[in-house]
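Structure first, commentary second.
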Amino acid sequence: MATRFQGPKGTRDFYPDAMAVRRYIEDAWRTVSTRFGFLEVDGPTFEPLELYKIKSGDEIVSQLFHFQDRADRALALRPEFTPSLARMVAEKAGSLPRPIKWFSIPRCYRAEQPQKGRLREFIQWNADVLGDATTAADVELVAVCVAALEELGLTAREVRVGWNHRELLTRGLCAGPFIAERMPVAYEILDKLHKLDAAGQNALFEARECTPGEVAVFDLLTASAKPGEQGRQAMEELLASWPDDVRSEIAQRQSEFANAGLGDYCAFDMTIVRGLAYYTGFVFEAFDVGGANRALAGGGRYDKLVELLGGPEIPATGFGMGDVVLELVLREKNLLPKNLLPQPDVFVVNILPDPLPAQRLLAHLRKTHWNADHTAVTGRGLHAVTSTRATKNVGKLLQEAAGSGARVAAIFLPDEYARGVVKIKNMADRSETEAPAAEAVAMLRQLIGALR
RNA sequence: GUGGAAUUAGCUCAGCUGGCUAGAGCACGGGGUUGUGGUCCUCGGGGUCGCGGGUUCGAGUCCCGUAUUCCACCCCA
């Protein structure tokens, strides 16, 4: 008896409808990346396990799908693309023109418990700028990130970008009750605060042995992330105690965002720290305003990573955006177009007993035409289909044509065909014309062109 | 890795406290007036009731295990 299988936990099957949605999202990422001057790259789906350990520590191993090959090499399916990218840059850094602006759309794998917005296999758009240490590179990344979201129909009403800067935050906090040694703890707490209630927060403060002064600052930080006047006041109060040059750099960066047309999206947010990863300065997160979902995208500056992988010292900044949360948000906001499947240019309907004339027309429509010396395309192949049904019921076949979304139907009918003509029907306005068989292809091409 | 809920046709679900040859709508397919649009009529394909055990004369229904999905924790690059 045959065994039936389910797909592995946390994976998806892309049937045509789902595949069309995936392509729609990937196309937006790709066109926007290109618009901003990023070049597409990719790397292997698996890498040495060590590559991820170096970057993230040994704890990462339990979150990876890893295995040994026959020569006993430890390998892991990539959980993200940045290590591969850094490795690729480290290998050829000397010969790459700078700044290096690359994007990629890799499938990635994480051996985690699946839940809303998080699967074991997903697709993550990455954009990175290497070799540009200026704030302009950070701004450009946020700009390309936002542009992609806009390309998909999202606006500042639905999504926002919160940004922070680890060094500035550290300097600000150390101007208050914190000492430098407490920063790792402070970052850890900051990263967790927003999802805890008051009791949970207090428990955490106690567990981390926070001083009353530190707790007071955490309370203000929590308040500062809230929208509206209350949040603004908490932010003001905190900033008042921070060094002048830190304050002015924050203001400077925010004005750069505004200058790039991102003023409605971006807000300084002291509570964004992005885990305890390899980020060295600027960090940001894009999220939907409703806030029920996980972050849509996140990234920041990682100036030491390429060096860590044996490459030259090269400043780097980048971000990733996963397809899972993005699709959830687009669905929630009703922003996925209805007809993402390709729609035929021509649907050929045949009522003749002889199938050959219809098949001949199909073949001609699909063929790309070249000029006499084969140097230029004079007519690209069209998307042309027909029915495989046996019925000669014109109504049924036109119904099928309509269902396919075809722009035009070419109809072979006995009486007309005897007179040497084919009927051509514009499916949108239901108008019909007749075409001499010899001119049918040309007329159809013209009609399709006019409708495009 | 831990905890909670769920799993019946491709999809959305009925199936009361165990008594069926397991149903509906949608979707899919054939046909319907020798010739024009998502309608209508009609017929049809498709289900090891997630999987494996157990209790019982009898299990879609009760019990145990397991897989998957969703939710939450851990983690989040």
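Bear in mind that the values here come from a model prediction, so they are computed numbers and not experimental data. Atoms considered below: every heavy atom in the structure, side chains included; atoms not considered: hydrogens, waters and symmetry mates. Each chain gets a letter, A, B and so on, in the order the sequences are listed, and its residues count up from 1.
- Residue side chain A:R274 does not reach the base of B:A77 through any donor-acceptor N/O pair under 3.5 Å, judged by distance alone.
- Across B:A9 and B:G25, the matching C1' atoms stand 12 Å from one another, rounded to whole Å.
- In this structure, A:G318 reaches neither bases nor backbone, as no heavy-atom distance under 4.0 Å exists between it and the strands shown.
- When the shell of 6.0 Å around CD of A:Q68 is examined, it contains more than 12 heavy atoms from other residues, nucleotides or ligands.
- A donor and an acceptor atom never sit less than 3.5 Å apart when one is taken from the side chain of A:K392 and the other from the base of B:G35.
- Inspection of the A:E47 and A:S84 side chains reveals an N or O donor paired with an N or O acceptor under 3.5 Å.
- In terms of polar N and O atoms assigned as donor or acceptor, the side chain of A:E416 comes within less than 3.5 Å of the base of B:G35 in a complementary pairing.
- Formation of a donor-acceptor pair under 3.5 Å by the A:D13 side chain with backbone atoms of A:Y15 is not found in this model.
- One cannot find a donor-acceptor pair under 3.5 Å joining the base of B:U36 and the side-chain atoms of A:N393.
- One cannot find a donor-acceptor pair under 3.5 Å joining the base of B:U69 and the side-chain atoms of A:K9.
- One finds a side-chain N or O of A:Q399 lying less than 4.0 angstrom from the OP1 or OP2 phosphate oxygen of B:U39.
- Nucleic acid contact class of A:E432 (heavy atoms, under 4.0 Å, all strands): base.
- Within the 4.0 angstrom heavy-atom criterion, no nucleotide atom of any strand lies near A:Q124.
- In this structure, A:R274 fails the cation-pi test against A:Y279, since its NZ or CZ atom is not both closer than 6.0 Å to the six-membered ring centre and inside 45 degrees of the ring normal.
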